[in-house]
Amino acid sequence: MRGLEQIVSTFLIVAPILVLLTVGGLIALRSGVSEVSTGQDFLKVASNFSQLLLRVAGYIVALLLVQYFIGMRPSLGW
């Protein structure tokens, strides 16, 4: 039973984070674009996506650095 409890606990932590990242990502991707009908609209969505990936990567690096500087072993929980 301990294994099942750990899986449920992990799911209850990870699921809301993934939902928030997905919703935020969808909002950010569509920012400044009403419909993806032209090449310029597609380029705007691609630009938004690359900025989103860079921002998330930056946050992860910053989190790992903070963990390192306060003396914790840098990890993302897995």
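Every heavy atom of this structure was used, including side-chain atoms; hydrogens, water molecules and symmetry mates were not. FYI, the numbering just counts along the sequence from 1.
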Discussion item. Can you list, by chain and residue number, the hydrophobic cluster partners of Ile13 when the side-chain cut-off is 4.5 Å?
Written reply: Ile17, Leu21

Discussion item. Please report the interatomic distance OG1(Thr38) to CZ(Phe42), rounded to the nearest 0.5 Å.
Written reply: 11.0 Å

Discussion item. Rounded to the nearest 0.5 Å, what separates atom CZ in Phe49 from atom CG in Leu54?
Written reply: 10.0 Å

Worksheet item: Is there a donor-acceptor pair under 3.5 Å between the side chain of Thr10 and the backbone N or O of Gln6?
Response: yes

Item to complete: Keeping the roles fixed (side chain from Asn48, backbone from Ala28), state whether a donor-acceptor pair exists under 3.5 Å.
Response: yes

Discussion item. A side-chain contact here means heavy atoms from C-beta on lying under 4.5 Å apart; do Ser47 and Gln51 qualify?
Written reply: yes

Discussion item. Working to the nearest 0.5 angstrom, can you tell me the gap between Ser31 OG and Leu26 CG?
Written reply: 12.5 Å

Practice prompt. Taking side-chain hydrogen bond (donor to acceptor under 3.5 Å, both in side chains) as the test, write out the residues that go with Thr22, two or more places apart.
Written response: none

Discussion item. Going by side chain to side chain contact (heavy atoms under 4.5 Å, CB included), Val61 matches just one of Leu65, Leu63, Leu64. Which one?
Written reply: Leu65

Worksheet item: Under 4.5 Å between side-chain heavy atoms, hopping through other hydrophobics if needed: is there a path connecting Leu12 to Leu20?
Response: no

